[in-house]
Amino acid sequence: MTIAPAHQDGERGQTAWSDAQLLYALEEVVEKELNRHLGIAKEWMPHEYVPWSDGRNFDGVMGGEPWAPEQSKVTDIGRTALVVNLLTEDNLPSYHHEIATLFGRDGAWGTWVHRWTAEEGRHGIVMRDYLLTSRAVDPVQLERFRMAHMSEGFESDNNHSMLHSVAYVAFQELATRISHRNTGRHSGDPVCDRMLARIATDENLHMLFYRNLLAAAFEMAPDQTMGAVRDVVVNFRMPGHGMPGFERAAARMAMGGIYNLRIHHDDVIQPVLRFLKVMEIGGLGPAGLRAQEELGLFMGGLDDQARKFDERLAAREARKAARQG
């Protein structure tokens with residue numbers, strides 16, 4: 001059951017919805033997507049993906065062996081990406097607070113919020129257990145980074161609007177899946193690759209939930225949803241952007257093929273836009289048409305930026321090959 005929009009927006013010529021009205025109107029869709037999710041999500045145990053037999057005591061109160069880089073099985077780029085990915089997962093309490101505030105704790109929305117949080121919690125558990133057991137990263141530095149990052153908290157760029165938040169996570173969950181999957185492939189450790197592939201499966205299911213919810217929002221409030229998608233795509237930032245050393249780590253991950261402009265354009269933004277047929281949606285008012293046009297122009301510019309990045313990366317690899325030859 002849906003309810004009427006809040007008021008007539010004179011500029012757009014379409015009725016506008018408040019957050020509360022959209023939450024109520026989308027409740028049936030949330031319940032349907034929640035039931036679909038619960039029907040296909042597979043139970044898995046974090047402890048089964050950790051090589052416990054590789055573990056041994058660290059220095060400190062246990063008097064074990066200090067960590068050293070040569071103890072790590074993962075590649076340098078894998079180590080960088082693993083730290084970024086784990087620190088991102090560590091801020092789950094802030095993410096939960098934000099979506100619980102926006103979406104509520106009652107009904108289907110509340111059930112989804114708590115289920116999502118529980119599933120995401122496994123990701124931080126298994127990643128930290130793997131990293132410490134396999135000595136993949138410096139445990140002291142990792143803990144100091146965690147304390148610094150979580151002490152800052154997290155505030156989304158989109159917490160002013162439920163619709164913007166739904167649009168953001170539709171893209172962000174896919175971006176996280178891609179980042180985890182590529183980290184595993186570049187890690188140099190099959191155990192790490194298997195663990196991150198399992199996490200990526202969860203992230204993909206979360207993306208499907210939000211993407212389908214966004215599709216329903218386009219049917220109810222096309223102008224508002226188009227504006228939200230435009231804003232989110234143009235201003236997109238990964239949730240870990242506030243962590244210590246993020247810019248340097250992101251640059252290394254870009255050059256290492258974990259996550260860069262080409263991946264962002266081709267594997268994250270475009271697939272969601274194509275599935276939703278965002279650039280083909282008709283019946284928009286003036287504001288929606290403007291947002292649609294601005295989104296198309298931005299995507300063209302993003303593709304140009306990605307092409308220039310590809311060229312710089314190819315030139316860098318050519319210089320590296322020449323030096324080694």
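This chain uses plain numbering: 1 for the first residue, then up along the sequence.
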Under the salt bridge (Lys or Arg N to Asp or Glu O under 4.0 Å) definition, can you give me all pairs with a residue in residues 140-156, not counting sequence neighbours? E143-R146

What heavy-atom pair brings H265 and P271 nearest, and what distance separates the two atoms? O-CD, 4.3 Å

Are D231 and H164 linked by a side-chain donor-acceptor pair shorter than 3.5 Å? yes

Go through it in stages, so that I can follow the logic: the residues are D304 and K308, the test is salt bridge (charged side-chain N to carboxylate O under 4.0 Å, His left out), and I'd like the CA-CA distance, side-chain angles, deciding distance and then a yes or no. CA-CA 6 Å; D304 289 340; K308 292 176 183 176; over 6 Å; no

Decide side chain to side chain contact (heavy atoms under 4.5 Å, CB included) for F218 and V278; before the verdict, give the C-alpha distance in whole Å, the side-chain angles of both, and the deciding distance to 0.1 Å. CA-CA 9 Å; F218 264 116; V278 171; 4.0 Å; yes

Report yes if the side chains of V30 and F103 come closer than 4.5 Å at any heavy-atom pair, otherwise no. no

Would you call D310-R307 a salt bridge at under 4.0 Å N-O? no

Please report the C-alpha distance between H149 and D90 in whole Å, then the side-chain angles of each, then the deciding distance to 0.1 Å, and finally whether the side-chain hydrogen bond (donor to acceptor under 3.5 Å, both in side chains) criterion is met. CA-CA 8 Å; H149 187 41; D90 277 335; over 6 Å; no

May I ask you to test the H264-Q305 pair for a side-chain heavy-atom distance under 4.5 Å? no

Crowding at CG, D106 (>12 non-hydrogen neighbours, <6.0 Å): no

Does the ring center of F209 lie less than 6.0 Å from the ring center of W116? no

Begin with the C-alpha distance, continue with both residues' side-chain angles, and end with the deciding distance and a verdict on side chain to side chain contact (heavy atoms under 4.5 Å, CB included) for L313 and F309. CA-CA 6 Å; L313 185 59; F309 173 83; 4.0 Å; yes

The salt bridge (Lys or Arg N to Asp or Glu O under 4.0 Å) partner of K73 among D54, D189, D193 is D54

Compile the donor-acceptor pairs under 3.5 Å between side chains in residues 280-289 and protein atoms, sequence neighbours left out, one pair per line.
none

According to a 4.5 Å side-chain heavy-atom criterion applied to Ile, Leu, Val, Met, Phe, Trp and Tyr, with indirect links allowed, do L205 and L174 form part of one hydrophobic cluster? yes

Between S94 and E98, do the side chains contain a donor N or O and an acceptor N or O under 3.5 Å apart? no

Lys/Arg-Asp/Glu bridge criterion (N-O < 4.0 Å) met for R252, D76: no

Would you say CE of M279 has more than 12 non-hydrogen atoms from neighbouring residues, nucleotides or ligands within 6.0 angstrom? yes

Begin from the C-alpha positions of E173 and R211 and carry the test side chain to side chain contact (heavy atoms under 4.5 Å, CB included) through to its verdict. CA-CA 10 Å; E173 293 282 6; R211 188 192 66 183; over 6 Å; no

Do D129 and H47 meet the criterion of a side-chain donor-acceptor pair at a distance under 3.5 Å? no

Does a side-chain heavy-atom distance below 4.5 Å link F58 with R135? yes

With a 3.5 Å distance limit and no angle check, can you tell me whether R79 reaches the backbone of A136 through a side-chain donor-acceptor pair? yes

Heavy atoms, side chains only, cut-off 4.5 Å: are E203 and S179 in contact? no

Do R319 and R316 have side chains that get closer than 4.5 Å, going by heavy atoms? yes

Are W109 and L26 packed together at the side-chain level, in the sense that at least one heavy-atom pair is separated by less than 4.5 angstrom? yes

So, for F171 and Y210, is the gap between ring centers shorter than 6.0 Å? no

Nearest heavy atoms of M195 and V126, plus distance in Å: SD-O, 3.6 Å

Enclosure of E31 CD (heavy-atom neighbours >12, cutoff 6.0 Å): no

Look at the aromatic rings of H206 and H37 and report parallel, tilted or perpendicular, splitting at 30° and 60°. tilted

Would the number of heavy atoms belonging to other residues, nucleotides or ligands and lying under 6.0 Å from CD of E293 be above 12? no

R36 and E33 ion-paired at < 4.0 Å: yes

May I ask you to check whether Y49 and Y130 place their ring centers less than 6.0 Å from one another? no

In the structure I gave you, are the side-chain heavy atoms of V113 and H96 within less than 4.5 Å of one another anywhere? yes

Report yes or no: does S165 contribute a side-chain atom to a donor-acceptor pair with the main-chain N or O of N158 at less than 3.5 Å? yes

Is there a side-chain contact between I199 and R177 (heavy atoms, below 4.5 Å)? no

Please round to the nearest 0.5 Å and tell me the distance separating atom CH2 of W112 and atom CD of E119. 6.0 Å

What's the shortest heavy-atom distance between N235 and D157, and which atoms? O-OD2, 4.2 Å

Assess R237 against Y168: is NZ or CZ under 6.0 Å from the centre of the six-membered ring, and within 45 degrees of the ring's axis? no

Would you name the heavy atoms of V191 and P51 that are closest together and state the gap between them? CG1-CD, 4.0 Å

Do L273 and M299 pass the side chain to side chain contact (heavy atoms under 4.5 Å, CB included) test, and can you show the C-alpha distance, the side-chain angles, and the key distance before you say yes or no? CA-CA 10 Å; L273 295 182; M299 290 302 295; 4.0 Å; yes

Nearest heavy-atom neighbours spanning G124 and L86: O-CD1, 3.8 Å

Using every non-hydrogen atom in the two residues, find where R115 and A41 come nearest and quote the distance to one decimal. NH2-CB, 4.1 Å

